[in-house]
Amino acid sequence: MKVCIAEKPSVAKDIAAVLGASQRKDGYFEGNGYQVTWTFGHFCTLKEPHDYTDRWKSWRLEDLPMIPSSFGIKLIDNAGALKQFGVIENLVRDSEQVINCGDAGQEGELIQRWVLLKAKNKAPVKRLWISSLTEQAIKEGFNKLRESEQYDNLYAAGSARAIGDWLLGMNATRLFTKKFGQGKVVLSIGRVQTPTLALIVQRQKEINAFVVEEYFELKTLYRETEFTATIDRIKLQEKANKGLAYLLEFPFEVTSFEKKEGKEGNPKLFDLTSLQVESNKKYGYSAEETLKHIQNLYEKKFVTYPRVDTTYLSEDLHPKIEGIMRDLTYYKEYTEVLLANPIPKLKTVFDDKKVTDHHAIIPTGVLPVHVSQDEKRIYDMIVRRFLAVFYPECRVSNTTVLGMVGKVEFKATGKQILDPGWRIVYANDKTEKKEGADEEKVMPNFEVGESGPHEPWVHQGKTSPPKPYTEATLLRAMETAGKQVEDEEVRELLKDNGIGRPSTRANIIETLFKRKYIEKKKKNIFATQTGMDLIDTISNELLKSAELTGVWERKLRLIEKGEYQMETFKQELIQMVVDLTREVKMNTGKSIAITEDKPEEPAEKPKRIAKPKEPKGDISIETLTCPKCKQHLLKKGRTAYGCANFQECGFKIPFEFLGKKLTDKHVYELLSKGKTAKIKGLQMPGNPEPVSARLVMNGDFNFEVE
């Protein structure tokens, strides 16, 4: 009898149906020469300190570092898991062959190998390696079963990761807790968790240390086109006013007009991280929520294996793409154009050298039914991205105009979409449309040497602090070991040095929330005082540097490729733990208290506070809530509308601004949209002529001209 072991009951059921193992037994399916059983994820774990010696039961500084002579595994303490393991143990004992049908990735390999090790399996082992759970994929996988030895390096990398996390996590957590913890607080330290926290703390320190500075820019309006002076930002208003007076003495002259056609390259297919980033930006989903939705879609056979870190497809998939597209009948309006010609074998899409365990996430062609609204959104994102990569590039026209006013140079740029290409797939997408509209700016044609009157003014602005991390930007920072990278090709090269794996990053972020080291305000992530104190206490750079931790991650990937020895990695970590223990024991620092519990957030997503809709009748500003504190109503004063709790909040909108009386409609637009329509007759400082401009409420809830 051949014994197949899947990672969960639902997958075992799918495999059993394909193999014809239709008899349901206690803990497995049987039939046609097969027995198909399952685990529930992690049945085994590395032994805990007290399993090695009673001395390690208590947390004492003098017992550190804890380094077992060899690492052992044990079954988790769970009645259901123990019973199911008994089933697996009995089946394996009498089997002629075992087929490892675990999740086709590093974690899945580790789960299965540990179970087989604990069950003392003696039978030969084959490996089922598939990228989707469709009937066709399972059949093809069983027709091409692989040798288990092919994945020895994958198992070695998974073991090295687990041992590394144990060595550092167990020792450093006890070390810092006993040295710096106050009361019953546990200071959790992790190989990936701590450098991730350090990224957030560093960003917060930059924000806290940031000093807002006012600046002034010289701008002018010529032929309904806004130009900005190319000189450095001006710090003093007096100097800006002198510049404005100078500009009023000269006409505007066009010195250069350049129109170039260019192309906007297609987006890449999704890997797990880019999908989590995009869904956080678009729908506000956390990394963990996205992982849950995509995992459900995978198990329902609608998409391919999700826990991947590549944005490419293997070259042998090319012949199957047309069939998948034909099956996507919901998207016929987009697929018809592509299916009119043979599907191109693009190097930007198909590249065996860029594919490791699995290819990028794509639809299987099985149309989704019985899916939630959230799953439908994620599925739609995957399909549109899958189609977009095969469309032509987006053709654009980029315009750059230079001009002179006296001796001051001005510049204006514009962009026009000539042929939307792949953007057509997102034509009905409100988010994409809005972003595209912001980018597109059609400009008139200018002649070099033409000259004429213009309307200069002084633009007053304020420098902005660095933005706090969101889950989207934090995931990107983890992927690139803290480096700020926009270019997708460069990002691809840095993935080997990213911290954590795509499948674990969501869990790392959630752990930091649970430990109360970080908190979320709207979409933004901030470190708590406990998180700040913990990072400040850690002097060892290797513990908190994303870049240095990325080096460890790269070594784990090299183990996976067979290019680095697991034992070498283990010895390096042991040495690090020994050095760290010695360093911390000699250190002096302040005690750290845990952040007080806050009331539990409701499980459902918080309802967005809807912006007030444009009223049809009279506008009553005093019925609106203050946009700054979001707690009190607005109140009409002698010279301004202000927060009813003005003494604490400080928010107000003056009745008059730059010599112009603001109507209630103007005030309403500022509150509901953040900016007004163009207002005529604004008196800019140092400008004798009134100008037309919009008023904008900035991030500090102050007002400036746009």
Side-chain angles (χ1 to χ4, degrees), residues 4-22 24 29 36-41 101-105 107-108 111-112 128-142 269-276 278-280 282-283 285-308 313 317 320-321 323-332 334-335 357-387 502-503 506-507 605:
C4 304
I5 308 174
E7 199 170 305
K8 56 177 67 177
S10 60
V11 178
K13 188 178 178 183
D14 289 337
I15 291 171
V18 171
L19 295 177
S22 53
R24 178 71 196 254
F29 297 92
V36 184
T37 187
W38 57 84
T39 65
F40 318 124
C101 303
D103 222 358
E107 192 178 8
I111 287 169
Q112 295 282 326
L128 174 70
W129 195 268
I130 52 178
S131 286
S132 80
L133 294 173
T134 62
E135 184 179 334
Q136 183 189 355
I138 293 170
K139 280 181 179 175
E140 285 180 6
F142 271 92
L269 289 168
F270 281 126
D271 60 6
L272 178 58
T273 302
S274 58
L275 181 65
Q276 288 170 319
E278 206 64 28
S279 67
N280 181 257
K282 197 167 183 179
Y283 299 115
Y285 295 150
S286 70
E288 191 175 49
E289 286 170 333
T290 301
L291 181 55
K292 182 184 80 174
H293 300 323
I294 185 69
Q295 185 69 24
N296 288 343
L297 289 168
Y298 166 65
E299 288 173 18
K300 291 173 183 175
K301 309 177 182 60
F302 305 142
V303 301
T304 58
Y305 184 70
R307 296 165 186 257
V308 298
L313 299 178
L317 268 176
K320 298 180 181 180
I321 299 301
I324 294 172
M325 281 190 190
R326 290 194 187 282
D327 290 336
L328 296 173
T329 52
Y330 296 163
Y331 296 86
K332 197 173 179 183
Y334 304 117
T335 57
D357 299 340
H358 293 278
H359 55 71
I361 306 168
I362 60 171
T364 59
V366 177
L367 291 176
V369 288
H370 308 304
V371 293
S372 67
Q373 176 65 23
D374 295 330
E375 288 167 2
K376 193 185 289 184
R377 285 172 166 176
I378 298 294
Y379 180 78
D380 183 69
M381 287 171 64
I382 291 165
V383 174
R384 287 180 189 275
R385 184 62 68 92
F386 171 66
L387 298 176
S503 54
N507 183 253
K605 286 165 74 172

Interatomic distance, CD1@Ile294 vs OH@Tyr298, rounded to 0.5 Å, equals 11.0 Å
Nearest heavy-atom approach of Ala21 to Val36 is CB-CG2, 4.2 Å
Side chain proximity check, His358 to Trp129, heavy atoms < 4.5 angstrom:
yes
Which is it for Arg385 and Glu278 under the side-chain contact (heavy atoms from CB on, under 4.5 Å) test, yes or no, and what are the steps along the way?
CA-CA 11 Å; Arg385 184 62 68 92; Glu278 206 64 28; 4.1 Å; yes
For Lys301, run the side chain to side chain donor-acceptor pair (under 3.5 Å) check against Thr364, Thr134, Asp14 and tell me which one passes.
Asp14
Given side chains that start at C-beta, do those of Leu367 and Asp327 come closer than 4.5 Å, heavy atoms only?
no
Contact between Leu128 and Cys4 at the side-chain level, heavy atoms closer than 4.5 Å - yes or no?
no
Shortest non-hydrogen contact from Ile111 toward Thr39:
CG2-OG1, 4.2 Å
In terms of heavy-atom contacts, Ala360 and Leu269 come closest through CB-CB, 3.7 Å
Just so I know, are the side chains of Lys8 and Glu299 near enough to count as touching, which here means a heavy-atom distance under 4.5 Å?
yes
So which atom in Ala287 and which in Gln276 form the shortest heavy-atom distance, rounded to 0.1 Å?
O-NE2, 3.0 Å
Within a strict 4.5 Å, meaning less than it, do heavy atoms of the Ile382 and Phe270 side chains meet?
yes
For Ser503 and Arg307, indicate whether the former's side chain and the latter's backbone hold a donor-acceptor pair under 3.5 Å.
no
With sequence neighbours left out, what residues match Ser279 under side-chain hydrogen bond (donor to acceptor under 3.5 Å, both in side chains)?
Thr290
Measure the spacing between CD1 of Ile361 and CG of Leu313 and express it to the nearest 0.5 Å.
11.0 Å
On a heavy-atom basis, which atom in Gly108 and which in Glu7 lie closest, and how many Å separate them?
CA-OE1, 3.5 Å
So for atom NZ, which belongs to Lys13, do other residues, nucleotides or ligands contribute more than 12 heavy atoms lying within a distance under 6.0 Å?
no
Using side-chain heavy atoms (C-beta onward) and a distance below 4.5 Å, is Phe386 in contact with Ile321?
yes
Do the non-hydrogen side-chain atoms of Val369 and Lys300 ever get within less than 4.5 Å of each other?
no
Once side-chain hydrogen bond (donor to acceptor under 3.5 Å, both in side chains) is applied, do any residues pair with Glu140, and if so which ones, sequence neighbours excluded?
Gln136, Lys320
May I have the step-by-step check of side-chain contact (heavy atoms from CB on, under 4.5 Å) for Phe142 and Val18, ending in yes or no?
CA-CA 10 Å; Phe142 271 92; Val18 171; 5.6 Å; no
Under 4.5 Å between any side-chain heavy atoms of Tyr285 and Ile378, yes or no?
yes
Closer than 3.5 angstrom, by distance alone: can the side chain of Thr304 be matched with the main-chain N or O of Ile362 as a donor-acceptor pair?
yes
Could you grab the distance from atom NE2 of His293 to atom CE of Met381, nearest 0.5 Å is fine?
11.0 Å
Should the pair Phe302 and Tyr379 be assigned to parallel (<30°), tilted (30 to 60°) or perpendicular (>60°) ring geometry?
perpendicular
With sequence neighbours left out, what residues match Glu135 under salt bridge (charged side-chain N to carboxylate O under 4.0 Å, His left out)?
Lys139
Nearest-0.5 Å distance that lies between atom CG in Leu328 and atom OH in Tyr334:
13.0 Å
Nearest non-hydrogen partners of Pro502 and Leu272, listed with the distance
O-CD2, 3.2 Å
Between the side chains of Lys292 and Asp374, is the shortest nitrogen-to-carboxylate-oxygen separation below 4.0 Å, so that they form an ion pair?
no
